[in-house]
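Reviewing the structure listed below.
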Number of protein chains: 2
Amino acid sequence: MSERVVPPDARRRRRPTKQGVVLSEELIIETALRLIEEHGTDALSVRRLGHALGADPSSLYRYFRHTDDLMLAIADELIGRTLRSWRPTGDWRADLWDLGLRMHAGALAHPRAAVLSAYRVTGRLHEIQAVETILGVLRDAGFPDGEAVRIYHAFVDQNLAFGALDSANSALPRAAREAEADVWRDTYARLPADTHPHIAATARHLAHSMRHSSYPAALDLLLSAAAARLENGRGDAGAD
Amino acid sequence: MSERVVPPDARRRRRPTKQGVVLSEELIIETALRLIEEHGTDALSVRRLGHALGADPSSLYRYFRHTDDLMLAIADELIGRTLRSWRPTGDWRADLWDLGLRMHAGALAHPRAAVLSAYRVTGRLHEIQAVETILGVLRDAGFPDGEAVRIYHAFVDQNLAFGALDSANSALPRAAREAEADVWRDTYARLPADTHPHIAATARHLAHSMRHSSYPAALDLLLSAAAARLENGRGDAGAD
DNA sequence: GTTAACAGGTCAACGGTGTTGTCATAAGGT
DNA sequence: ACCTTATGACAACACCGTTGACCTGTTAAC
(Lines give C-alpha, C1' and ligand atoms only; values in the text may rest on other atoms or scores of the structure.)
Protein backbone atom coordinates (compact mmCIF):
# COMPACT_ATOMS: atom_id res chain seq x y z
CA MET A 1 0.00 0.00 0.00
CA SER A 2 1.30 3.44 -0.89
CA GLU A 3 1.20 6.21 1.72
CA ARG A 4 -2.39 6.71 2.66
CA VAL A 5 -2.36 10.46 3.25
CA VAL A 6 -0.92 12.69 0.54
CA PRO A 7 -0.07 16.34 1.30
CA PRO A 8 -2.47 18.75 -0.43
CA ASP A 9 -0.03 20.26 -2.92
CA ALA A 10 1.18 16.83 -4.00
CA ARG A 11 -2.29 15.90 -5.13
CA ARG A 12 -2.59 15.63 -8.86
CA ARG A 13 -5.42 13.35 -9.83
CA ARG A 14 -8.83 14.66 -9.00
CA ARG A 15 -10.86 11.57 -9.37
CA PRO A 16 -14.59 11.96 -8.73
CA THR A 17 -16.45 9.61 -6.41
CA LYS A 18 -19.10 7.28 -7.67
CA GLN A 19 -21.62 9.99 -7.03
CA GLY A 20 -19.60 12.52 -9.00
CA VAL A 21 -18.10 14.60 -6.19
CA VAL A 22 -14.49 15.72 -6.41
CA LEU A 23 -13.06 15.56 -2.91
CA SER A 24 -10.58 17.99 -1.41
CA GLU A 25 -9.37 18.94 2.03
CA GLU A 26 -11.32 22.17 1.85
CA LEU A 27 -14.53 20.52 0.76
CA ILE A 28 -14.27 18.00 3.57
CA ILE A 29 -13.73 20.65 6.22
CA GLU A 30 -16.55 22.77 4.83
CA THR A 31 -18.92 19.85 4.78
CA ALA A 32 -17.93 18.81 8.28
CA LEU A 33 -18.64 22.30 9.59
CA ARG A 34 -21.97 22.37 7.78
CA LEU A 35 -22.90 18.99 9.22
CA ILE A 36 -22.13 20.14 12.75
CA GLU A 37 -24.06 23.34 12.32
CA GLU A 38 -27.11 21.78 10.73
CA HIS A 39 -27.52 18.56 12.61
CA GLY A 40 -25.65 19.00 15.85
CA THR A 41 -22.43 17.65 17.23
CA ASP A 42 -23.47 14.05 17.15
CA ALA A 43 -24.04 14.23 13.42
CA LEU A 44 -20.31 14.35 12.81
CA SER A 45 -18.91 10.90 12.31
CA VAL A 46 -16.66 9.60 9.60
CA ARG A 47 -19.50 7.59 8.22
CA ARG A 48 -22.02 10.39 8.18
CA LEU A 49 -19.45 12.78 6.76
CA GLY A 50 -18.68 10.34 4.00
CA HIS A 51 -22.36 9.99 3.28
CA ALA A 52 -22.89 13.77 3.25
CA LEU A 53 -19.99 14.12 0.82
CA GLY A 54 -21.26 11.38 -1.44
CA ALA A 55 -18.16 9.27 -0.87
CA ASP A 56 -17.18 6.13 0.93
CA PRO A 57 -16.19 6.90 4.53
CA SER A 58 -12.82 5.32 4.06
CA SER A 59 -11.98 7.86 1.37
CA LEU A 60 -11.50 10.45 4.08
CA TYR A 61 -8.46 8.60 5.28
CA ARG A 62 -6.74 9.65 2.07
CA TYR A 63 -6.95 13.21 3.42
CA PHE A 64 -6.68 12.88 7.20
CA ARG A 65 -4.80 10.33 9.25
CA HIS A 66 -7.38 10.21 12.03
CA THR A 67 -10.55 12.04 12.98
CA ASP A 68 -8.27 13.96 15.33
CA ASP A 69 -6.43 15.46 12.39
CA LEU A 70 -9.72 16.48 10.89
CA MET A 71 -10.72 18.16 14.14
CA LEU A 72 -7.48 20.13 14.35
CA ALA A 73 -7.87 21.27 10.77
CA ILE A 74 -11.41 22.39 11.56
CA ALA A 75 -10.19 24.19 14.68
CA ASP A 76 -7.52 26.07 12.77
CA GLU A 77 -10.09 27.11 10.21
CA LEU A 78 -12.30 28.37 13.02
CA ILE A 79 -9.50 30.47 14.54
CA GLY A 80 -8.92 31.97 11.13
CA ARG A 81 -12.58 32.83 10.60
CA THR A 82 -12.93 34.37 14.03
CA LEU A 83 -9.82 36.46 13.60
CA ARG A 84 -10.93 37.69 10.19
CA SER A 85 -14.32 38.78 11.55
CA TRP A 86 -12.70 40.92 14.25
CA ARG A 87 -11.91 44.59 13.79
CA PRO A 88 -9.71 46.15 16.47
CA THR A 89 -10.57 49.71 17.44
CA GLY A 90 -7.46 50.63 19.40
CA ASP A 91 -9.21 50.46 22.77
CA TRP A 92 -7.43 47.42 24.20
CA ARG A 93 -10.07 46.47 26.71
CA ALA A 94 -12.96 46.74 24.27
CA ASP A 95 -10.94 44.88 21.65
CA LEU A 96 -10.08 41.97 23.93
CA TRP A 97 -13.65 41.86 25.20
CA ASP A 98 -14.89 41.63 21.64
CA LEU A 99 -12.29 39.08 20.59
CA GLY A 100 -12.95 36.95 23.64
CA LEU A 101 -16.68 36.82 22.99
CA ARG A 102 -16.15 36.10 19.31
CA MET A 103 -13.78 33.23 19.99
CA HIS A 104 -16.12 31.85 22.58
CA ALA A 105 -19.05 32.02 20.19
CA GLY A 106 -16.95 30.35 17.53
CA ALA A 107 -16.13 27.53 19.90
CA LEU A 108 -19.76 27.06 20.83
CA ALA A 109 -20.74 26.85 17.19
CA HIS A 110 -18.42 23.89 16.76
CA PRO A 111 -18.30 22.12 20.10
CA ARG A 112 -16.39 19.03 19.16
CA ALA A 113 -13.63 20.92 17.49
CA ALA A 114 -13.44 23.25 20.47
CA VAL A 115 -13.18 20.46 23.00
CA LEU A 116 -10.50 18.67 21.05
CA SER A 117 -8.34 21.66 20.26
CA ALA A 118 -8.61 23.54 23.55
CA TYR A 119 -5.62 21.94 25.20
CA ARG A 120 -3.36 21.65 22.22
CA VAL A 121 -0.76 23.93 20.76
CA THR A 122 -0.83 23.43 17.04
CA GLY A 123 1.75 25.95 15.93
CA ARG A 124 -0.29 26.38 12.77
CA LEU A 125 -0.73 29.52 10.76
CA HIS A 126 -3.87 30.97 12.30
CA GLU A 127 -2.83 30.18 15.83
CA ILE A 128 0.41 32.07 15.38
CA GLN A 129 -1.51 35.02 13.98
CA ALA A 130 -3.74 35.02 17.03
CA VAL A 131 -0.82 34.99 19.47
CA GLU A 132 0.89 37.85 17.67
CA THR A 133 -2.31 39.88 17.54
CA ILE A 134 -3.28 39.52 21.18
CA LEU A 135 0.24 40.17 22.42
CA GLY A 136 0.27 43.26 20.22
CA VAL A 137 -2.92 44.60 21.74
CA LEU A 138 -1.54 44.19 25.26
CA ARG A 139 1.90 45.63 24.59
CA ASP A 140 0.48 48.57 22.69
CA ALA A 141 -1.80 49.21 25.64
CA GLY A 142 1.27 49.71 27.77
CA PHE A 143 1.68 46.42 29.58
CA PRO A 144 5.35 45.55 30.08
CA ASP A 145 6.48 42.33 28.44
CA GLY A 146 6.28 40.03 31.45
CA GLU A 147 2.84 41.26 32.44
CA ALA A 148 1.64 41.21 28.84
CA VAL A 149 2.57 37.54 28.54
CA ARG A 150 0.98 36.70 31.87
CA ILE A 151 -2.29 38.35 30.93
CA TYR A 152 -2.15 36.92 27.43
CA HIS A 153 -1.75 33.47 28.91
CA ALA A 154 -4.63 33.88 31.35
CA PHE A 155 -6.83 35.44 28.67
CA VAL A 156 -6.24 32.71 26.12
CA ASP A 157 -6.45 29.81 28.52
CA GLN A 158 -9.58 31.21 30.11
CA ASN A 159 -11.09 31.56 26.67
CA LEU A 160 -10.14 28.07 25.58
CA ALA A 161 -11.15 26.53 28.88
CA PHE A 162 -14.57 28.16 28.90
CA GLY A 163 -14.97 27.39 25.24
CA ALA A 164 -14.37 23.73 25.89
CA LEU A 165 -16.49 23.70 29.04
CA ASP A 166 -19.50 25.36 27.48
CA SER A 167 -19.05 23.37 24.32
CA ALA A 168 -18.98 20.10 26.14
CA ASN A 169 -22.08 21.12 27.97
CA SER A 170 -23.90 22.18 24.83
CA ALA A 171 -22.88 18.94 23.17
CA LEU A 172 -24.83 16.95 25.68
CA PRO A 173 -27.86 15.12 24.36
CA ARG A 174 -30.84 17.42 24.42
CA ALA A 175 -32.58 15.45 27.14
CA ALA A 176 -29.55 15.59 29.41
CA ARG A 177 -29.23 19.35 29.03
CA GLU A 178 -32.84 19.95 29.88
CA ALA A 179 -32.44 17.70 32.88
CA GLU A 180 -29.64 19.98 34.10
CA ALA A 181 -31.81 23.06 33.91
CA ASP A 182 -34.44 21.18 35.86
CA VAL A 183 -31.94 20.41 38.59
CA TRP A 184 -31.58 24.10 39.35
CA ARG A 185 -35.27 24.75 39.24
CA ASP A 186 -36.39 21.63 41.06
CA THR A 187 -33.65 20.32 43.33
CA TYR A 188 -31.84 23.52 44.32
CA ALA A 189 -34.80 25.87 44.42
CA ARG A 190 -36.60 23.55 46.84
CA LEU A 191 -33.92 23.19 49.48
CA PRO A 192 -35.26 24.40 52.84
CA ALA A 193 -33.84 27.62 54.28
CA ASP A 194 -32.92 26.12 57.62
CA THR A 195 -30.50 23.57 56.19
CA HIS A 196 -29.32 25.57 53.15
CA PRO A 197 -29.87 29.24 53.93
CA HIS A 198 -27.58 30.66 51.26
CA ILE A 199 -29.02 28.61 48.43
CA ALA A 200 -32.54 29.33 49.58
CA ALA A 201 -31.86 33.06 49.71
CA THR A 202 -30.45 33.18 46.21
CA ALA A 203 -32.47 30.43 44.52
CA ARG A 204 -34.07 32.82 42.07
CA HIS A 205 -30.71 34.30 41.06
CA LEU A 206 -29.22 30.83 40.76
CA ALA A 207 -31.95 29.43 38.54
CA HIS A 208 -31.51 32.37 36.24
CA SER A 209 -27.72 32.68 36.21
CA MET A 210 -26.95 29.00 35.77
CA ARG A 211 -28.86 28.85 32.54
CA HIS A 212 -26.21 30.91 30.82
CA SER A 213 -22.48 30.70 30.39
CA SER A 214 -20.50 32.60 32.96
CA TYR A 215 -17.77 33.36 30.45
CA PRO A 216 -18.79 36.98 29.87
CA ALA A 217 -18.74 37.60 33.62
CA ALA A 218 -15.41 35.84 34.04
CA LEU A 219 -13.91 37.71 31.10
CA ASP A 220 -15.14 41.03 32.48
CA LEU A 221 -13.55 40.29 35.83
CA LEU A 222 -10.26 39.38 34.18
CA LEU A 223 -10.14 42.50 32.03
CA SER A 224 -11.18 44.76 34.86
CA ALA A 225 -8.43 43.39 37.10
CA ALA A 226 -5.93 43.84 34.27
CA ALA A 227 -7.06 47.43 33.77
CA ALA A 228 -6.64 48.13 37.46
CA ARG A 229 -3.07 46.87 37.34
CA LEU A 230 -2.29 48.97 34.31
CA GLU A 231 -3.60 52.08 36.06
CA ASN A 232 -1.67 51.37 39.22
CA GLY A 233 1.50 50.90 37.24
CA ARG A 234 1.92 47.54 38.90
CA GLY A 235 2.47 45.93 35.56
CA ASP A 236 6.18 45.42 35.89
CA ALA A 237 6.03 43.88 39.35
CA GLY A 238 7.32 40.48 38.23
CA ALA A 239 9.97 39.34 35.80
CA ASP A 240 7.94 36.37 34.55
CA MET B 1 -40.78 -4.94 32.30
CA SER B 2 -40.54 -3.43 35.76
CA GLU B 3 -38.60 -0.22 36.25
CA ARG B 4 -35.02 -0.95 35.39
CA VAL B 5 -33.32 1.32 37.92
CA VAL B 6 -34.18 0.93 41.58
CA PRO B 7 -33.28 3.69 44.09
CA PRO B 8 -30.47 2.64 46.44
CA ASP B 9 -32.52 2.47 49.61
CA ALA B 10 -35.20 0.37 47.94
CA ARG B 11 -32.72 -2.35 47.18
CA ARG B 12 -33.36 -5.49 49.15
CA ARG B 13 -31.96 -8.49 47.45
CA ARG B 14 -28.20 -8.52 47.25
CA ARG B 15 -27.71 -11.11 44.66
CA PRO B 16 -24.11 -11.88 43.72
CA THR B 17 -22.98 -12.02 40.12
CA LYS B 18 -21.82 -15.21 38.50
CA GLN B 19 -18.33 -14.38 39.64
CA GLY B 20 -19.45 -13.82 43.19
CA VAL B 21 -19.39 -10.03 43.39
CA VAL B 22 -22.19 -8.23 45.18
CA LEU B 23 -22.85 -5.05 43.21
CA SER B 24 -23.71 -1.68 44.71
CA GLU B 25 -23.72 1.92 43.58
CA GLU B 26 -20.66 2.60 45.71
CA LEU B 27 -18.70 -0.35 44.39
CA ILE B 28 -19.46 0.64 40.83
CA ILE B 29 -18.32 4.24 41.35
CA GLU B 30 -15.17 3.12 43.13
CA THR B 31 -14.32 0.68 40.38
CA ALA B 32 -15.02 3.26 37.70
CA LEU B 33 -12.67 5.76 39.35
CA ARG B 34 -9.99 3.13 39.66
CA LEU B 35 -10.39 2.17 36.03
CA ILE B 36 -10.13 5.78 34.88
CA GLU B 37 -7.09 6.49 36.98
CA GLU B 38 -5.23 3.33 36.09
CA HIS B 39 -5.96 3.00 32.43
CA GLY B 40 -7.12 6.38 31.24
CA THR B 41 -10.38 7.95 30.20
CA ASP B 42 -10.81 5.67 27.24
CA ALA B 43 -10.73 2.66 29.53
CA LEU B 44 -14.09 3.62 30.95
CA SER B 45 -16.85 1.94 29.01
CA VAL B 46 -19.87 0.06 30.20
CA ARG B 47 -18.41 -3.14 28.90
CA ARG B 48 -14.98 -2.68 30.47
CA LEU B 49 -16.52 -1.56 33.73
CA GLY B 50 -18.71 -4.63 33.78
CA HIS B 51 -15.71 -6.80 33.12
CA ALA B 52 -13.68 -5.12 35.88
CA LEU B 53 -16.55 -5.64 38.27
CA GLY B 54 -17.02 -9.27 37.31
CA ALA B 55 -20.53 -8.65 36.08
CA ASP B 56 -22.39 -8.50 32.81
CA PRO B 57 -22.36 -4.96 31.37
CA SER B 58 -26.10 -4.84 31.22
CA SER B 59 -26.30 -5.31 34.98
CA LEU B 60 -25.08 -1.76 35.42
CA TYR B 61 -28.32 -0.52 33.96
CA ARG B 62 -30.00 -1.72 37.13
CA TYR B 63 -28.03 0.99 38.95
CA PHE B 64 -27.68 3.81 36.43
CA ARG B 65 -30.10 4.78 33.68
CA HIS B 66 -27.35 5.80 31.28
CA THR B 67 -23.58 6.18 31.36
CA ASP B 68 -24.41 9.82 31.98
CA ASP B 69 -25.87 9.02 35.37
CA LEU B 70 -22.71 7.16 36.21
CA MET B 71 -20.59 10.18 35.25
CA LEU B 72 -22.62 12.41 37.54
CA ALA B 73 -22.14 10.05 40.43
CA ILE B 74 -18.39 9.99 39.83
CA ALA B 75 -18.24 13.77 39.65
CA ASP B 76 -20.07 14.15 42.92
CA GLU B 77 -17.75 11.78 44.70
CA LEU B 78 -14.78 13.89 43.57
CA ILE B 79 -16.39 17.11 44.79
CA GLY B 80 -16.98 15.56 48.17
CA ARG B 81 -13.39 14.44 48.53
CA THR B 82 -12.05 17.92 47.77
CA LEU B 83 -14.47 19.75 50.03
CA ARG B 84 -13.60 17.58 52.99
CA SER B 85 -9.95 18.60 52.79
CA TRP B 86 -10.67 22.33 53.02
CA ARG B 87 -10.75 24.46 56.20
CA PRO B 88 -12.14 28.02 55.89
CA THR B 89 -10.57 30.80 57.98
CA GLY B 90 -13.14 33.58 57.63
CA ASP B 91 -11.12 35.69 55.21
CA TRP B 92 -13.24 35.29 52.11
CA ARG B 93 -10.53 36.06 49.57
CA ALA B 94 -7.97 33.77 51.18
CA ASP B 95 -10.58 31.04 51.60
CA LEU B 96 -11.69 31.15 47.98
CA TRP B 97 -8.08 31.29 46.83
CA ASP B 98 -7.34 28.21 48.88
CA LEU B 99 -10.47 26.37 47.79
CA GLY B 100 -9.82 27.22 44.16
CA LEU B 101 -6.29 25.88 44.28
CA ARG B 102 -7.41 22.77 46.14
CA MET B 103 -10.13 21.98 43.65
CA HIS B 104 -7.72 22.57 40.81
CA ALA B 105 -5.16 20.30 42.42
CA GLY B 106 -7.85 17.71 43.01
CA ALA B 107 -8.78 17.81 39.37
CA LEU B 108 -5.16 17.39 38.36
CA ALA B 109 -4.83 14.44 40.73
CA HIS B 110 -7.67 12.70 38.90
CA PRO B 111 -7.19 14.06 35.40
CA ARG B 112 -9.33 11.63 33.54
CA ALA B 113 -12.26 11.89 35.88
CA ALA B 114 -11.97 15.68 35.99
CA VAL B 115 -12.25 15.94 32.25
CA LEU B 116 -15.35 13.79 32.22
CA SER B 117 -17.19 15.51 35.02
CA ALA B 118 -16.26 19.18 34.63
CA TYR B 119 -19.26 20.21 32.62
CA ARG B 120 -22.01 18.43 34.50
CA VAL B 121 -24.44 19.61 37.13
CA THR B 122 -25.03 16.66 39.39
CA GLY B 123 -27.59 17.98 41.82
CA ARG B 124 -26.22 15.43 44.23
CA LEU B 125 -25.27 15.68 47.87
CA HIS B 126 -21.70 16.89 47.70
CA GLU B 127 -22.31 19.37 44.93
CA ILE B 128 -25.12 20.94 46.92
CA GLN B 129 -22.78 21.24 49.92
CA ALA B 130 -20.21 22.98 47.75
CA VAL B 131 -22.71 25.46 46.36
CA GLU B 132 -24.01 26.29 49.81
CA THR B 133 -20.51 26.72 51.18
CA ILE B 134 -19.17 29.00 48.46
CA LEU B 135 -22.31 31.12 48.37
CA GLY B 136 -22.02 31.44 52.13
CA VAL B 137 -18.44 32.70 51.91
CA LEU B 138 -19.45 35.36 49.40
CA ARG B 139 -22.61 36.54 51.14
CA ASP B 140 -20.90 36.66 54.51
CA ALA B 141 -18.20 38.77 52.88
CA GLY B 142 -20.85 41.33 52.05
CA PHE B 143 -21.67 40.66 48.43
CA PRO B 144 -25.35 41.27 47.69
CA ASP B 145 -27.26 38.24 46.42
CA GLY B 146 -27.16 38.94 42.69
CA GLU B 147 -23.46 39.73 42.73
CA ALA B 148 -22.69 36.76 44.98
CA VAL B 149 -24.35 34.43 42.53
CA ARG B 150 -22.59 35.99 39.58
CA ILE B 151 -19.18 35.67 41.22
CA TYR B 152 -19.97 32.18 42.47
CA HIS B 153 -20.83 31.14 38.96
CA ALA B 154 -17.69 32.63 37.44
CA PHE B 155 -15.52 31.20 40.22
CA VAL B 156 -16.86 27.68 39.93
CA ASP B 157 -16.98 27.52 36.16
CA GLN B 158 -13.51 28.98 35.81
CA ASN B 159 -12.25 26.43 38.28
CA LEU B 160 -13.89 23.51 36.54
CA ALA B 161 -12.87 24.78 33.12
CA PHE B 162 -9.20 25.19 34.03
CA GLY B 163 -9.27 21.91 35.89
CA ALA B 164 -10.44 20.13 32.79
CA LEU B 165 -8.10 22.05 30.50
CA ASP B 166 -4.98 21.39 32.54
CA SER B 167 -6.05 17.82 33.20
CA ALA B 168 -6.56 17.10 29.55
CA ASN B 169 -3.16 18.52 28.80
CA SER B 170 -1.45 16.53 31.51
CA ALA B 171 -3.18 13.39 30.29
CA LEU B 172 -1.58 13.64 26.85
CA PRO B 173 0.94 10.95 25.98
CA ARG B 174 4.38 11.96 27.19
CA ALA B 175 5.73 12.37 23.68
CA ALA B 176 2.87 14.63 22.64
CA ARG B 177 3.36 16.90 25.65
CA GLU B 178 7.04 17.29 25.00
CA ALA B 179 6.28 18.05 21.39
CA GLU B 180 4.05 20.90 22.54
CA ALA B 181 6.77 22.42 24.68
CA ASP B 182 9.03 22.22 21.66
CA VAL B 183 6.57 24.22 19.60
CA TRP B 184 7.04 27.18 21.91
CA ARG B 185 10.80 26.85 21.96
CA ASP B 186 11.28 26.03 18.31
CA THR B 187 8.45 27.39 16.21
CA TYR B 188 7.45 30.48 18.17
CA ALA B 189 10.85 31.48 19.48
CA ARG B 190 12.24 31.48 15.95
CA LEU B 191 9.72 33.74 14.30
CA PRO B 192 11.53 36.75 12.83
CA ALA B 193 11.01 40.12 14.49
CA ASP B 194 9.98 41.86 11.30
CA THR B 195 6.97 39.67 10.65
CA HIS B 196 6.08 38.87 14.28
CA PRO B 197 7.49 41.67 16.42
CA HIS B 198 5.44 41.01 19.54
CA ILE B 199 6.16 37.31 19.69
CA ALA B 200 9.83 37.93 19.04
CA ALA B 201 10.01 40.55 21.77
CA THR B 202 8.45 38.28 24.37
CA ALA B 203 9.70 34.89 23.22
CA ARG B 204 11.63 34.30 26.40
CA HIS B 205 8.65 35.12 28.59
CA LEU B 206 6.41 32.97 26.42
CA ALA B 207 8.60 29.89 26.53
CA HIS B 208 8.69 30.15 30.30
CA SER B 209 5.08 31.06 31.03
CA MET B 210 3.47 28.52 28.71
CA ARG B 211 5.07 25.67 30.59
CA HIS B 212 2.84 26.25 33.61
CA SER B 213 -0.86 26.47 34.22
CA SER B 214 -2.24 29.98 34.16
CA TYR B 215 -4.98 29.09 36.62
CA PRO B 216 -3.40 30.75 39.65
CA ALA B 217 -3.00 33.95 37.63
CA ALA B 218 -6.55 33.79 36.35
CA LEU B 219 -7.91 33.07 39.82
CA ASP B 220 -5.96 35.97 41.27
CA LEU B 221 -7.34 38.31 38.63
CA LEU B 222 -10.88 37.12 39.32
CA LEU B 223 -10.62 37.54 43.08
CA SER B 224 -8.90 40.89 42.82
CA ALA B 225 -11.63 42.23 40.52
CA ALA B 226 -14.27 40.92 42.91
CA ALA B 227 -12.53 42.58 45.85
CA ALA B 228 -12.43 45.88 43.97
CA ARG B 229 -16.16 45.71 43.38
CA LEU B 230 -16.83 44.96 47.01
CA GLU B 231 -14.79 47.99 48.07
CA ASN B 232 -16.48 50.28 45.59
CA GLY B 233 -19.87 49.11 46.77
CA ARG B 234 -20.69 48.34 43.20
CA GLY B 235 -21.88 44.93 44.18
CA ASP B 236 -25.56 45.68 43.79
CA ALA B 237 -25.21 47.34 40.42
CA GLY B 238 -27.23 44.71 38.59
CA ALA B 239 -30.19 42.58 39.53
CA ASP B 240 -28.91 39.65 37.45
C1' DG C 1 -2.55 8.49 -29.75
C1' DT C 2 -1.09 4.66 -26.78
C1' DT C 3 0.29 2.94 -22.76
C1' DA C 4 1.68 2.02 -18.16
C1' DA C 5 1.83 3.60 -13.32
C1' DC C 6 -0.44 4.69 -9.51
C1' DA C 7 -3.53 8.03 -6.78
C1' DG C 8 -7.42 7.67 -4.93
C1' DG C 9 -12.19 5.79 -4.47
C1' DT C 10 -14.56 1.42 -2.87
C1' DC C 11 -15.54 -2.69 -0.42
C1' DA C 12 -15.69 -5.76 3.36
C1' DA C 13 -14.36 -6.77 7.68
C1' DC C 14 -12.64 -6.17 12.59
C1' DG C 15 -13.32 -5.01 17.06
C1' DG C 16 -15.22 -1.70 19.68
C1' DT C 17 -19.36 1.19 21.69
C1' DG C 18 -24.16 2.09 24.41
C1' DT C 19 -28.46 0.17 25.02
C1' DT C 20 -32.63 -2.94 25.44
C1' DG C 21 -36.00 -7.02 25.45
C1' DT C 22 -36.25 -11.31 27.32
C1' DC C 23 -35.33 -14.86 30.26
C1' DA C 24 -33.87 -17.40 34.50
C1' DT C 25 -33.05 -17.73 39.30
C1' DA C 26 -32.21 -16.94 43.97
C1' DA C 27 -33.36 -13.89 47.76
C1' DG C 28 -36.54 -12.57 51.22
C1' DG C 29 -41.09 -11.51 53.04
C1' DT C 30 -44.95 -14.11 54.28
C1' DA D 1 -41.97 -23.74 52.28
C1' DC D 2 -43.81 -20.92 48.98
C1' DC D 3 -44.36 -17.19 45.84
C1' DT D 4 -43.11 -12.77 44.12
C1' DT D 5 -40.07 -10.20 42.05
C1' DA D 6 -35.54 -7.99 42.11
C1' DT D 7 -31.68 -8.47 39.67
C1' DG D 8 -28.15 -10.70 37.03
C1' DA D 9 -27.25 -12.84 32.28
C1' DC D 10 -27.69 -13.30 27.46
C1' DA D 11 -28.24 -12.08 22.79
C1' DA D 12 -29.10 -8.81 19.59
C1' DC D 13 -29.24 -4.08 17.43
C1' DA D 14 -27.39 -0.16 15.34
C1' DC D 15 -23.87 2.49 15.50
C1' DC D 16 -18.67 3.88 15.70
C1' DG D 17 -13.36 4.48 13.79
C1' DT D 18 -10.09 2.21 11.22
C1' DT D 19 -7.56 -0.79 7.86
C1' DG D 20 -6.04 -4.00 4.03
C1' DA D 21 -7.09 -5.41 -0.42
C1' DC D 22 -8.94 -4.38 -4.63
C1' DC D 23 -10.14 -1.88 -8.77
C1' DT D 24 -10.23 1.83 -12.07
C1' DG D 25 -9.88 6.41 -14.18
C1' DT D 26 -6.36 10.09 -14.67
C1' DT D 27 -2.30 11.55 -16.03
C1' DA D 28 2.43 11.85 -17.63
C1' DA D 29 5.65 10.02 -20.80
C1' DC D 30 6.57 8.39 -25.07
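So you know, we letter chains A, B, ... as the sequences are listed, proteins then strands, and number each from 1.
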Between K18(B) and L44(A), whichever has its closest DNA chain D nucleotide further toward 5' is K18(B)
Per the under-4.0 Å heavy-atom filter, residues of residues 49-58 of chain A near DNA chain D come out as S58(A)
So does S59(A) get a side-chain nitrogen or oxygen closer than 4.0 Å to the phosphate oxygens (OP1/OP2) of dG8(C)?
no
- Can you check whether A55(A)'s main-chain N or O pairs, donor with acceptor, with S59(A)'s side chain at less than 3.5 Å? no
Here the distance between atom P of dT17(C) and atom CG of L70(B), to the nearest Å, is 14 Å
With sequence neighbours left out, the residues meeting salt bridge (Lys or Arg N to Asp or Glu O under 4.0 Å) with D182(A) are R185(A)
Closest of dT24(D), dT7(D), dC16(D) to the R15(B) side chain is dT7(D)
request  = Using only side-chain N and O atoms of T67(B), determine if any of them is under 4.0 Å from OP1 or OP2 of dG18(C).
outcome  = no
Check: dG8(D) base within 3.5 Å donor-acceptor of R62(B) side chain:
yes
Residues at least two apart in sequence or cross-chain that pass salt bridge (Lys or Arg N to Asp or Glu O under 4.0 Å) with D98(B), listed by chain then number, are R102(B)
Per atom distances to the V46(A) side chain, the nearest of dT18(D), dG9(C), dT17(C) is dT18(D)
*asked:* Would you say R65(A) places a side-chain N or O within less than 4.0 Å of OP1 or OP2 belonging to dT18(D)?
replied: no
Problem - Plane angle bin for F162(A) and Y215(A) - parallel if under 30°, tilted between 30 and 60°, otherwise perpendicular - result: tilted
With five pairs defining each end axis, the helix from dG1(C)-dC30(D) to dT30(C)-dA1(D) comes out bent, to 10°, by 10°
Those residues at least two apart in sequence (or on a different chain) that pass salt bridge (Lys or Arg N to Asp or Glu O under 4.0 Å) with E25(B) are R124(B)
Return yes if some donor-acceptor pair links the side-chain N/O of T195(A) with the main-chain N/O of L191(A) below 3.5 Å, else return no.
no
### Query
Is a donor on one side and an acceptor on the other found under 3.5 Å between the side chain of T187(B) and the backbone of W184(B)?
no
In this structure, CG of L135(B) is separated from CD1 of I151(B) (nearest 0.5 Å) by 11.0 Å
To the nearest angstrom, the OH-P distance between Y61(B) and dG18(C) comes to 6 Å
From CZ of R47(B) across to P of dA9(D) the rounded distance in Å is 15 Å
#### Entry: S213(A) (side chain) donor-acceptor with D166(A) (main chain) under 3.5 angstrom
no
In whole angstroms, the gap separating P of dT7(D) from CZ of F64(B) amounts to 14 Å
L35(A) atom CG is separated from dC16(D) atom P, nearest whole Å, by 11 Å
Separation of dG18(C) atom C1' from R48(B) atom CZ, nearest Å, is 14 Å
Quiz item: So does T17(A) get a side-chain nitrogen or oxygen closer than 4.0 Å to the phosphate oxygens (OP1/OP2) of dG9(C)?
Solution: no
Hits for salt bridge (Lys or Arg N to Asp or Glu O under 4.0 Å) against R84(A), two or more places apart or cross-chain, chain-then-number order -> E77(A)
- [ ] Select base, sugar-phosphate, or nothing to describe what Y63(B) touches, counting heavy atoms under 4.0 Å on all strands.
- [x] sugar-phosphate
L60(A) CG to dT19(D) C1', in whole Å, measures 14 Å
Per nearest nucleotide of DNA chain C, the residue lying toward the 5' end, Q19(A) or S45(B), is Q19(A)
